[in-house]
Amino acid sequence: MTTTLRRLLAGITLFVTEFAITLILGTLGVVLFLALSREVFDQDAATFDAAAFRWSRQVLGPSRQQWVEAITFLASRNFISAAALLLIGWFLVAKQHRWYSLLVPVVALGSITLNLVLKQLYHRPRPLLPLTSASGLSFPSGHAMISASFYGLLIYLVWTHQRRPAVRYPLVVGLLLLILLIGLTRVYLRVHYATDVLAGFTAGVGWLIVAIPLLKQLEIVVKKRFKNQLQSTEKQPT
């Protein structure tokens with residue numbers, strides 16, 4: 001078997017494996033999201049949401065609203081937009097990671113757009129007696145979905161590019177805790193039901209699972225075409 005054929009088979013195997021994993025995880029995410037959306041208006045879900053309101057107050061304390069609002073701001077559209085722009089700028093400067101300047105806005109803007117579509121589809125009102133101002137519909141939670149996709153993307157970038165365990169693991173754990181804490185603050189502030197937050201996490205991770213492999217394959221195709229065009233240009237007689 002020639003070296004070229006081996007590389008071709010290895011590439012096909014890698015693509016099929018990535019595609020299969022993406023399909024399985026994406027399907028599981030869709031099934032879980034649909035299961036949550038189906039149960040959202042049932043009595044059992046209402047009982048669960050009420051218990052989650054009480055539990056969040058017990059965990060974070062009854063007089064933590066200012067601190068809680070500071071945490072929940074980290075998944076607001078204003079903050080995520082600014083953070084995404086800074087991240088895009090950094091990737092444009094870092095020559096070896098310029099392709100990520102496309103990945104960041106696709107993940108961030110795609111998550112926001114998908115969330116707005118899902119809100120209009122399910123049209124669930126927000127909880128009564130919120131502790132802070134909030135507009136729009138409730139299901140799924142935009143803060144939960146955006147935090148899962150944006151900070152989940154940061155987890156992916158840290159895991160794939162940070163080789164030092166002493167740095168990699170604390171960052172990954174810290175980002176995971178931040179995602180969970182943002183979801184908890186939305187319940188604490190009574191601007192979302194717990195089922196809204198769980199659905200937001202599921203949709204955000206699902207979007208991330210779909211977006212990253214697709215853009216990676218797109219990157220490979222574009223770079224290959226660019227390389228072929230460059231080689232054919234160099235071969236042309238002057």
Side-chain angles (χ1 to χ4, degrees), residues 32-33 36-37 40 45-46 48-88 104-105 107-120 122-158 170-208:
L32 180 58
F33 181 85
L36 283 168
S37 65
V40 133
F48 171 76
D49 287 330
F53 283 136
R54 295 191 297 269
W55 182 77
S56 65
R57 301 292 288 182
Q58 293 173 358
V59 171
L60 298 181
S63 58
R64 303 284 185 180
Q65 186 168 339
Q66 187 174 2
W67 173 78
V68 167
E69 288 186 2
I71 295 295
T72 204
F73 175 74
L74 297 178
S76 65
R77 291 177 191 172
N78 291 337
F79 180 83
I80 293 297
S81 298
L85 288 174
L86 289 174
L87 202 56
I88 291 169
V104 174
V107 170
L109 295 177
S111 179
I112 293 172
T113 303
L114 182 59
N115 180 257
L116 292 174
V117 171
L118 291 173
K119 282 181 182 290
Q120 292 301 319
Y122 289 97
H123 220 270
R124 187 188 197 186
R126 289 186 183 270
L128 300 175
L129 304 175
L131 300 181
T132 188
S133 60
S135 59
L137 297 167
S138 191
F139 184 91
S141 166
H143 280 65
M145 186 170 175
I146 293 169
S147 66
S149 57
F150 182 76
Y151 294 114
L153 174 61
L154 295 185
I155 290 173
Y156 166 78
L157 295 176
V158 169
L171 282 176
V172 169
V173 172
L175 289 168
L176 281 172
L177 290 176
L178 178 60
I179 293 171
L180 296 174
L181 191 56
I182 288 171
L184 183 60
T185 62
R186 303 308 286 170
V187 179
Y188 178 93
L189 293 171
R190 296 186 63 89
V191 291
H192 280 294
Y193 299 102
T195 43
D196 299 337
V197 171
L198 292 176
F201 284 157
T202 303
V205 172
W207 170 242
L208 202 60

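From a predicted model like this one, the values you see are computed outputs, not experimental measurements.
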Residues that [X] engages under side chain to side chain contact (heavy atoms under 4.5 Å, CB included), provided they are two or more places apart:
X    : answer
S76  : F73, N78, F79, H143
I155 : V172, L175, L176, I179
Q58  : W55
V205 : A148, I209

Indicate yes or no for a side-chain donor-acceptor contact from [X] to the backbone of [Y] under 3.5 Å, with no hydrogens or angles considered.
X    : Y    : value
R186 : A144 : no
N115 : P140 : yes
D49  : Y193 : no

Separation between [atom1] of [X] and [atom2] of [Y], rounded to the nearest 0.5 Å:
X    : Y    : atom1 : atom2 : answer
Y151 : L157 : OH    : CG    : 13.5 Å
S56  : L189 : OG    : CG    : 8.5 Å
L153 : S149 : CG    : OG    : 8.0 Å
R124 : S141 : CZ    : OG    : 11.0 Å
T72  : L181 : OG1   : CG    : 9.0 Å
S147 : L180 : OG    : CG    : 8.5 Å

Q | Test side chain to side chain donor-acceptor pair (under 3.5 Å) applied to S138 - qualifying residues, sequence neighbours left out | A |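 Expected list: H192, D196.
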Q.
Once side chain to side chain donor-acceptor pair (under 3.5 Å) is applied, do any residues pair with R190, and if so which ones, sequence neighbours excluded?
A.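 Partners of R190 under the side chain to side chain donor-acceptor pair (under 3.5 Å) test: none.
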